[in-house]
Amino acid sequence: MADADNRLAVSRVVLLGPPGAGKGTQAAFLAEAMGVPAISTGDMLRQAVERGSNLGQRVQEIMNSGALVDDETMADVVTERLQQEDAQKGFLLDGYPRNLGQARTLGGILERLQESLDAVALITVDEDELVKRALARGRDDDKEEVIRERLRVYREKTEPLVGHYEAAGLLRRVDGDQSIEAVTAELRSVLS
Ligand code: B4P
């Protein structure tokens, strides 16, 4: 656990960026520095697939195609998770929201809890580098045509969130095309 002097003052943060930008990689460091749980919707869905739960059976094919799981399902997953005890003091959301509908849902959840976001950190990386990284990672959904589809979906559905959060004064940009340690340092700096 990070000591109190090093702890970041922000407590409700969203990590935004294209697939393979390193959101999951950075979420672990950042959540520790914030003293809050890292909540990855991608990890939650993958665990559901592994367990073979109803949710897992419903989303497996969608994830393997590179498409997004429907907003209603994701709203249930996130609402339930944000109500858990450990998320009351804050959270680092990795992979949610992924489109404007999900951003509105998150806004509604936070409004009901009388809370608000402190910042949205955008990790940017060139497309060729993203494909290279994902191919090296080798997850079930890391085949070149699926990666390209995830990137297309990102540009179409998720990129509009950049303008949305910029207009709200919450966006902090970070260059993800550096070493993992350098990206962590830049994230810490823009969130300080
Ligand atoms: P996610 O799990 O969110 O996956 P991701 O965007 O591919 O990965 P991430 O950016 O976290 O990259 P990582 O750190 O692993 O989504 C998977 C699927 O779940 C989606 O396609 C969708 O179907 C579904 N889903 C999830 N959330 C959803 C939602 N809200 N709505 C609908 N559907 C949803 O890094 C990638 C690789 O790069 C790693 O191997 C890492 O080691 C390497 N790397 C990281 N940083 C690096 C660096 N600085 N330099 C070199 N390599 C680096």
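Position 1 is the first residue of the sequence; numbering continues from there. Atoms within each ligand, like the ligands themselves, are counted from 1 in listed order. This structure is a prediction, so every number in the text was calculated from the model and none was measured.
- The number of heavy atoms from other shown groups lying within 6.0 Å of NZ (Lys157) does not exceed 12.
- Evaluated by nearest non-hydrogen atom to atom 36 (C) of ligand 1, the leading choice among Gln102, Arg133, Arg137 is Arg137.
- Selection from Gly138, Ala75, Ala67, Gly66 by nearest heavy atom to atom 22 (C) of ligand 1 gives Ala67.
- Close approach of ligand 1 to Gln178 is summarised as follows: ligand atoms under 4.0 Å from at least one heavy atom of the residue are 48 (C), 49 (N), 50 (N).
- Using modelled atom types, one side-chain atom of Gln26 and one backbone atom of Ile180 make a donor-acceptor pair closer than 3.5 Å.
- Within the 4.0 Å heavy-atom criterion, neither part of Ala134 lies near ligand 1.
- Heavy atoms of Ser40 found under 4.0 angstrom from ligand 1: none, in either backbone or side chain.
- Of the N or O atoms in Gly24, one or more lie within a sub-3.5 Å distance of an N or O in ligand 1.
- At a 4.0 Å heavy-atom cut-off, ligand 1 does not touch Ala27 at all.
- Closest heavy-atom approach to atom 20 (C) of ligand 1 within the set Met63, Glu149, Arg98: this belongs to Arg98.
- Looking at Gly20 next to ligand 1, an N or O pair under 3.5 Å apart turns up.
- Using a 4.0 angstrom heavy-atom cutoff, Gly17 does not count as in contact with ligand 1.
- Although no hydrogens or angles enter the test, the distance criterion places no donor-acceptor pair under 3.5 Å between the side chain of Gln102 and the main chain of Tyr96.
- Ligand 1 has no atom lying under 4.0 Å from any heavy atom of Ala136.
- No donor-acceptor pair under 3.5 Å is formed between the side chain of Gln57 and the backbone N or O of Val49.
- Remark: minimum distance from atom 41 (C) of ligand 1 to any protein heavy atom is reached at Thr25 OG1, 3.6 Å.
- Judged by distance alone, with hydrogens and angles left aside, the side-chain atoms of Ser192 form a donor-acceptor pair with the main-chain N or O of Arg188 at under 3.5 Å.
- Side-chain N or O atoms of Arg12 include none that pairs as donor or acceptor with a backbone N or O of Val10 at under 3.5 Å.
- Heavy-atom proximity to atom 24 (C) of ligand 1, evaluated over Thr158, Leu106, Leu45, is greatest for Leu45.
- Look at Gln26 and you'll find every heavy atom at least 4.0 Å from all atoms of ligand 1.
- In this structure a side-chain-to-backbone donor-acceptor pair under 3.5 Å is missing from Glu129 to Val125.
- An N or O contact shorter than 3.5 Å links Arg46 to ligand 1 by distance.
- Note that CD1 of Ile39 is 6.5 Å distant from CG of Asp86, once rounded to the nearest 0.5 Å.
- Checking Lys23, Arg139, Arg150 against atom 4 (O) of ligand 1, the nearest heavy atom belongs to Arg139.
- No side-chain donor-acceptor contact under 3.5 Å links Asp141 to the backbone of Gly66.
- To the nearest 0.5 Å, atoms CD1 (Ile62) and CG (Leu68) are separated by 9.5 Å.
- A donor-acceptor pair under 3.5 Å is absent between the side-chain atoms of Lys23 and the main chain of Gly95, judged by distance alone.
- Checked against a 3.5 angstrom limit, the closest N/O atoms of Gly95 and ligand 1 fall inside it.
- Close approach to Thr41 involves these atoms of ligand 1, each under 4.0 Å from a residue heavy atom: 26 (C), 27 (N), 28 (C), 30 (N).
- Val69 N, 3.1 Å is the protein heavy atom nearest to atom 33 (N) of ligand 1.
- For the atom pair Ile147 CD1 and Arg139 CZ, the distance stands at 9.5 Å (nearest 0.5 Å).
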